[in-house]
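We number each residue from 1, following the sequence as shown.
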Amino acid sequence: MQSRLWLIFAGVCVLFVVLIVRLMYIEYSSGDKYEKIVLSQQGYSNEIIPFQRGDIVDRKGSVLATSVDVYNVILDCKVLNETPEKIDTTIDAITSVIPEISEEQIREALKDRKDSQYEILLKKVDNERMEAFESLKKDSANKDKISGIWFEKEYMRTYPYDSLAAALIGYCSNGNNGALGIESQYNNQLNGANGRKYGYFTDNKSIENTVIPPENGKTVVSTIDVNVQSIVEQEILNWNEAHKGDTPDGSANTACIVMNPNNGEILAMASYPTFDLNNPRDLSARFTPEQLAALPEEAQVEELSKLWKNFCVSNTYEPGSTFKPFTVATALEIGSINGDETYMCDGKEIVSEHEIHCVNRDGHGLLTVEGSLLESCNDALMQIVRTVGPDTFYEFQSDFGFGQKTTIDLPNEASTKNLLYTRDELRRIESNLATNSFGQNFNVTMIQLASAYSSLINGGYLYQPHVVGSMLDSHGNKVYTNNPVVLKKTVSSDVSEILKKYMLHVVEVGTATGVQVEGYNIGGKTGTAEKLPREEGNYLVSFIGFAPYNHPEIVIYTVKVDDQAHSSYAQEITQRVLEQILPYLNIDRADQDIVNLFI
């Protein structure tokens, strides 16, 4: 008997050894396969932890765009149906805190989708109401009486300044997809990467979690100054509100750029009319309810497209007399004139059998080179450009960046490549060269002209304009700096100094006296361009200028599209802006000797 027992024991031991070896083999060869089978039979929690889109701030850190916590209210029908005694108390609790959720809505979901574990009851609930519900849930009176409701965190984009710099900043659509402006241009940098919380439920309903934290987006530090931007927009609005009677159809567009000519930074970029970034599809400010109701959907989309367009970057137009300094600078740079010449203006020039009129049909009489800018004389400019010639004029247009994109860091920059005469067209038709000399019959964008003009008064350096200066990571560390980029050298420093003096005199005693601000020396040039078709009497009036004379720190360019040719309109807006931003920016006050330099 004892021998048989030992034999049985030995056999059992052998079987155990064989079993262990077999299990080890299975673990080695197919362990992952069977582990997946086992785990697949258990309940899992798999929750996305959303990233927070980065802020957009101004140059001093004021928040222009941010993402705030909001919550989706989620009903777990399966869990709540498993505890029917908690249904009434749960419904009472959630509807008392968030009345937008109805009892009928919950009961219908519990009945029709009883096994669902993800039913969205309401989206974008604020943090305050979420916390109120959680407090109610933890209250001793409600302990273990509330079940099956949880909050899914996400973020909602919000704009603290509403419509400020709307076309420049842009907005987000469909969550974190930037539309327009910086939101679009820097979408990838503003966005981060979602995190994830996942695990599985054990038999006692506890959960084993693994958390991969989200990577938040970068903060984009713009070059915009909120105070300068606010002043510009307020004065544009004030002017348009005050002059509604002067322009029966209202201003089609008013726009203004303030930039640093020494590095290409944009301090302000405003377009009118504008829109509310927190409600970008709202047209109620432009139309009455009755008008909106009668407006077809296609027409509403078209109106929104107009409203969202950044005039400073996306619209092209004929610059008019603000281009005249470029023609004079070109002639001085190549030495075809030296500044001592005089020109007789009799009110017109006959060019290629075309009679091209001056702004003064009676003529300005005898003018110096400087006087041609002071009086904004078309006749003198046509005589000056003859000394330049079509080939050189074409080359200098290119050197100043006309016909090319500035590559500003904003979307939808308009191309003017096909809106300038070719070299051959300037050669073949003399009138093309003549009209181009005073800014007609070719197109520019505002940012193009402002950048080129900056090179005229900063010593000849054409900078790439930009609206973003740096980026910070989620911990506030600087991870990117947008250093100034010089694209070309346009004119010599000597020519730049001459043009500065000429344009100082334009403001002191010429066509731009309406821009003067007491105590400051300002230079600049006015412009009036008759839009196509000429017979309709639509004009683009403008002023571009700089301050202070000694060492320009800002360039300001104001454009208005109207049905009346009053260059004083643009001057009036500019003067009101300058008298506020010059002291704010600590711009040097005038040296009286410089003010009297040419008087």
Check: Just wondering, are more than 12 heavy atoms of other shown residues or ligands nearer than 6.0 Å to CZ in Arg428?
Finding: yes

Next item on the list: Using the test side chain to side chain donor-acceptor pair (under 3.5 Å), find all partners of Glu265 that sit at least two apart in sequence or belong to another chain.
Entry: Arg59

Notebook entry, point to check: Does Asn177 offer a backbone N or O that forms a donor-acceptor pair with the side chain of Asn174 under 3.5 Å?
Noted result: no

Notebook entry, point to check: Going by atom types alone, do Lys560 and Thr254 pair a side-chain donor with an acceptor below 3.5 Å?
Noted result: yes

Check: In Å, rounded to the nearest 0.5 Å, how long is the span from CD of Glu241 to CG of Asn238?
Finding: 8.0 Å

Check: For Glu413, which residues count as a salt bridge (Lys or Arg N to Asp or Glu O under 4.0 Å) partner, sequence neighbours excluded?
Finding: none

Margin query: If the condition is salt bridge (Lys or Arg N to Asp or Glu O under 4.0 Å), which residues does Glu303 pass it with, not counting sequence neighbours?
Written below: Lys306

Notebook entry, point to check: Is a side-chain donor or acceptor of Asn521 paired with a backbone partner of Tyr549 at a separation under 3.5 angstrom?
Noted result: yes

Notebook entry, point to check: Who are the salt bridge (Lys or Arg N to Asp or Glu O under 4.0 Å) partners of Arg423, not counting sequence neighbours?
Noted result: Asp391, Glu395

Next item on the list: Indicate yes or no for a side-chain donor-acceptor contact from Glu553 to the backbone of Asp588 under 3.5 Å, with no hydrogens or angles considered.
Entry: no

Next item on the list: Evaluate side chain to side chain donor-acceptor pair (under 3.5 Å) for Glu183 paired with Tyr159, printing each intermediate quantity in order.
Entry: CA-CA 12 Å; Glu183 291 278 29; Tyr159 303 88; 2.7 Å; yes

Item checked: Partners meeting salt bridge (Lys or Arg N to Asp or Glu O under 4.0 Å) with Asp58 (sequence neighbours left out) -> none

Margin query: Treating Gln571 as the side-chain partner and Gly514 as the backbone partner, does any N or O pair qualify as donor plus acceptor under 3.5 Å?
Written below: yes

Margin query: Tell me if a side-chain donor or acceptor on Asn441 pairs with a main-chain N or O of Thr435 at a distance below 3.5 Å.
Written below: no

Margin query: With heavy-atom distances below 4.5 Å as the criterion, would you say the side chains of Ile384 and Ser437 are in contact?
Written below: no

Notebook entry, point to check: In Å and rounded to the nearest 0.5 Å, what is the CG to CD1 distance from Leu164 to Ile169?
Noted result: 6.0 Å

Note to self: Suppose the criterion is salt bridge (Lys or Arg N to Asp or Glu O under 4.0 Å): which pairs have a residue in residues 333-352, not counting sequence neighbours?
What the structure shows: Glu349-Arg386

Checklist line | Donor-acceptor contact present, side-chain Thr445 to main-chain Asn315, <3.5 Å | finding: no

Notebook entry, point to check: When you measure from the side chain of Gln448 to the backbone N and O of Lys405, does any donor-acceptor pair fall under 3.5 Å?
Noted result: no

Checklist line | Between CD1 on residue Ile498 and OG on residue Ser492, distance to nearest 0.5 Å | finding: 7.5 Å

Margin query: I need the full list of ring pair (Phe, Tyr, Trp, His ring centres under 6.0 Å) pairs touching residues 426-456, with sequence neighbours left out, sorted by first then second residue.
Written below: Phe323-Phe442

Notebook entry, point to check: Run the side chain to side chain donor-acceptor pair (under 3.5 Å) check on His551 and Asn262 step by step: do they pass?
Noted result: CA-CA 10 Å; His551 46 89; Asn262 304 305; over 6 Å; no

Next item on the list: Could you walk me through whether Thr406 and Ser451 pass side chain to side chain donor-acceptor pair (under 3.5 Å), step by step?
Entry: CA-CA 8 Å; Thr406 66; Ser451 300; 5.4 Å; no

Margin query: Whether the side chain of Thr322 engages the backbone of Pro319 through a donor-acceptor N/O pair (distance < 3.5 Å, no angle test) should be reported.
Written below: yes

Check: Can you tell me if Thr558 and Thr574 form a side-chain donor-acceptor pair at under 3.5 Å?
Finding: yes

Notebook entry, point to check: Can you name the ring-ring contact (aromatic ring centres under 6.0 Å, His included) partners of Tyr463, sequence neighbours left out?
Noted result: none

Notebook entry, point to check: Aromatic rings Tyr557 and Tyr317: how do their planes relate, parallel, tilted or perpendicular, breaks at 30° and 60°?
Noted result: tilted

Checklist line | Under 3.5 Å side-chain donor-acceptor pair for Thr274 and Glu233 | finding: no

Checklist line | Pairs where residues 482-500 contributes a residue and the test salt bridge (Lys or Arg N to Asp or Glu O under 4.0 Å) is met, not counting sequence neighbours | finding: Glu497-Lys500

Notebook entry, point to check: Taking atom types as modelled and ignoring hydrogens, do the side chains of Thr387 and Ser336 form a donor-acceptor contact shorter than 3.5 angstrom?
Noted result: yes

Next item on the list: Not counting sequence neighbours, which residues clear side chain to side chain contact (heavy atoms under 4.5 Å, CB included) with Asn176? List them please.
Entry: Phe51, Arg53, Asn191

Notebook entry, point to check: Quick one: side chain to side chain donor-acceptor pair (under 3.5 Å) partners of Lys324, sequence neighbours excluded?
Noted result: Ser321, Ser376, Asn378

Check: Taking the side chain from Gln404 and the backbone from Ser398, do they hold a donor-acceptor pair closer than 3.5 Å?
Finding: yes

Check: Looking just at side-chain N and O atoms, do Tyr584 and Asn227 make a donor-acceptor pair shorter than 3.5 Å?
Finding: yes

Next item on the list: Kindly state each residue pair satisfying ring pair (Phe, Tyr, Trp, His ring centres under 6.0 Å) with at least one member in residues 335-392, sequence neighbours excluded.
Entry: none

Check: So how far is it from Arg576 CZ to Ile236 CD1, rounded to the nearest 0.5 Å?
Finding: 12.5 Å

Checklist line | Phe326: which of Thr490, Leu499, Leu456 passes side-chain contact (heavy atoms from CB on, under 4.5 Å) | finding: Leu456

Notebook entry, point to check: Once you round to the nearest 0.5 Å, how far does CG of Asn412 lie from CG of Asn310?
Noted result: 9.0 Å

Notebook entry, point to check: Are any side-chain N or O atoms of Gln516 and backbone N or O atoms of Glu508, one a donor and one an acceptor, separated by less than 3.5 Å?
Noted result: yes

Next item on the list: Kindly compute the distance separating CD1 (Ile544) from CG (Leu449), expressed to the nearest 0.5 Å.
Entry: 4.5 Å

